[in-house]
There are 2 protein chains.
Amino acid sequence: MATSPADPLTLEVVELIGTVVARYHQEYEEAAAAHALTGAQARVLGLLTLEPTPMRKIATKLRCEPSNVTGIIDRLETRGLVERRPDPADRRVKVAAPTAEGLATARRLRESLRFAREPLGELTDVERTLLRDLLKRMLGEDAQV
Amino acid sequence: MATSPADPLTLEVVELIGTVVARYHQEYEEAAAAHALTGAQARVLGLLTLEPTPMRKIATKLRCEPSNVTGIIDRLETRGLVERRPDPADRRVKVAAPTAEGLATARRLRESLRFAREPLGELTDVERTLLRDLLKRMLGEDAQV
DNA sequence: TATTGTTATACTCTATAACTATA
DNA sequence: TATAGTTATAGAGTATAACAATA
């Protein structure tokens, strides 16, 4: 507690972060909608492009109940963007994996996410490095998604 | 376009911002849930504590359709946190305003939002000032919510 | 005629609980 | 027994379209 909750500087930074969060979300949803995806569908598809993932693990990463994942994958599968594969090692497990079309959609989606790339263009390399280090320290050692 | 999309430093900062966004949202939803509110309800209640607001204007600020606001205000009103007031100047307009209990709930909610206040405690005043200025430049002149 | 708010409808996301098939 | 995934159910947020009251 080095800082009082009412510290004006801290409150200003908190508000700025709130603005960043709002803008980020807005752009993400818009980019997803431009590909006829919901935000949740886009997030899951993005996850799967990193690595085909069992249903249960998707739920853990999304911090939601496993029953929700069933529906999201259902809808992505209906669209031909994802498929369920059996796990040879454990027949209870179903591994969700992107199709070729799913990979292509995810790539286009990623490229359309201008946010934080365009605004960062306003900064110099030195400033970006500074920002990176400040965010890292703010997030602590465990700064993984 | 001063920066290539593939610039590793930029990508790292984008990822860090993504982490901040994810953590911020998670904490916001948890804080809202701790007060038996959904995220949308908490956001609207927070808005109204700044200023009683016509339904239409709430929709604009939330960037959603006016029909959605009806439901959100309905639920807040049922809980006794918000009330609809007629606008003397235009009888079509209904102004949503927080009740005394709504104001108290909003204040407790605000105080429970530790995010970005606690992590910022890791930084010195100089660093916080630096972070503020970088975020401001990143967001541009129109850095309003 | 245009605008404000509401209703009706449909879809998605969400959690909870019960179910199945495996382990 | 325990675990992975699903189904059923209900509540909430969302958009669209049609509507009543008012401007």
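Order of the sequence lines sets the chain letters (A, B, ...), proteins ahead of strands, with each chain counted from 1.
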pair [X]-[Y]: side-chain heavy atoms closer than 4.5 Å:
X       : Y       : answer
L131(B) : L123(B) : yes
T38(B)  : R75(B)  : no
L62(B)  : N68(B)  : no
L109(A) : L45(A)  : no
T53(B)  : L47(B)  : no
D7(B)   : R128(A) : yes
I72(A)  : I58(A)  : no
R43(B)  : L37(B)  : no

Margin query: Walk along nucleotides 3-11 of chain D from 5' to 3' and tag each nucleotide B, S or - by protein heavy-atom contact under 4.0 Å, base first, then sugar-phosphate.
Written below: BBBBB----

Length of the line joining [X]:[atom1] and [N]:[atom2], which is rounded to integer Å:
X      : N       : atom1 : atom2 : result
H25(B) : dG13(D) : NE2   : P     : 13 Å
Q26(B) : dT14(C) : CD    : C1'   : 16 Å
E77(B) : dG5(C)  : CD    : C1'   : 13 Å
I73(A) : dC13(C) : CD1   : P     : 11 Å
I72(B) : dG13(D) : CD1   : C1'   : 7 Å
L62(A) : dT12(C) : CG    : C1'   : 14 Å
I58(B) : dG13(D) : CD1   : P     : 13 Å
L76(A) : dT12(C) : CG    : C1'   : 12 Å

Check: Heavy atom of residues 103-110 of chain B under 4.0 Å from DNA chain C: which residues?
Finding: none

Notebook entry, point to check: Does anything in residues 41-49 of chain B reach DNA chain C, meaning a heavy atom under 4.0 Å, and if so which residues?
Noted result: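 Going residue by residue through residues 41-49 of chain B, none turns out to have a heavy atom under 4.0 Å of DNA chain C.
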
Acceptor/donor pairs from residues 86-100 of chain A side chains to any protein atom, 3.5 angstrom cut, sequence neighbours excluded:
{"from": "D87(A)", "atom 1": "OD1", "to": "A89(A)", "atom 2": "N", "distance (Å)": "2.8"}
{"from": "D90(A)", "atom 1": "OD1", "to": "R92(A)", "atom 2": "N", "distance (Å)": "3.0"}
{"from": "D90(A)", "atom 1": "OD1", "to": "R92(A)", "atom 2": "NE", "distance (Å)": "3.2"}
{"from": "D90(A)", "atom 1": "OD2", "to": "R92(A)", "atom 2": "NH2", "distance (Å)": "2.9"}
{"from": "T99(A)", "atom 1": "OG1", "to": "G80(A)", "atom 2": "O", "distance (Å)": "2.7"}
{"from": "T99(A)", "atom 1": "OG1", "to": "L81(A)", "atom 2": "O", "distance (Å)": "3.3"}
{"from": "T99(A)", "atom 1": "OG1", "to": "E101(A)", "atom 2": "N", "distance (Å)": "3.4"}
{"from": "T99(A)", "atom 1": "OG1", "to": "G102(A)", "atom 2": "N", "distance (Å)": "3.0"}

Checklist line | Expected output: side-chain E122(B) to main-chain G140(A) donor-acceptor under 3.5 Å | finding: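 Pair absent, no side-chain N/O of E122(B) close to backbone of G140(A).
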
Notebook entry, point to check: Would you say R79(B)'s side chain and A36(B)'s backbone share a donor-acceptor pair under 3.5 angstrom?
Noted result: yes

Checklist line | T38(A) vs dC11(C): side-chain N/O to OP1/OP2 distance below 4.0 Å | finding: no

Item checked: Presence of R91(A) side-chain N/O under 4.0 Å of dA23(C) phosphate oxygens OP1/OP2 -> yes

Next item on the list: By nearest nucleotide on DNA chain C, pick out whichever of G39(A) and P88(A) is the more 5' one.
Entry: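 Comparing both residues, the 5'-ward one is G39(A).
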
Next item on the list: Enter the inter-axis angle for the ends of the helix from dT1(C)-dA23(D) to dA23(C)-dT1(D) (five pairs per end, rounded to 10°).
Entry: 10°

Item checked: Point-to-point distance, once rounded to the nearest 0.5 Å, from CD1 of I17(B) to CG of L120(A) ->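 Answer for the CD1-CG pair, I17(B) versus L120(A), is 5.0 Å.
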
Check: By ring-ring contact (aromatic ring centres under 6.0 Å, His included), which residues pair with H35(B), not counting sequence neighbours?
Finding: none

Next item on the list: Using a strict 4.0 Å threshold on nitrogen-to-oxygen distance, state whether D125(B) and R132(B) make a salt bridge.
Entry: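 No, D125(B) and R132(B) are not salt-bridged.
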
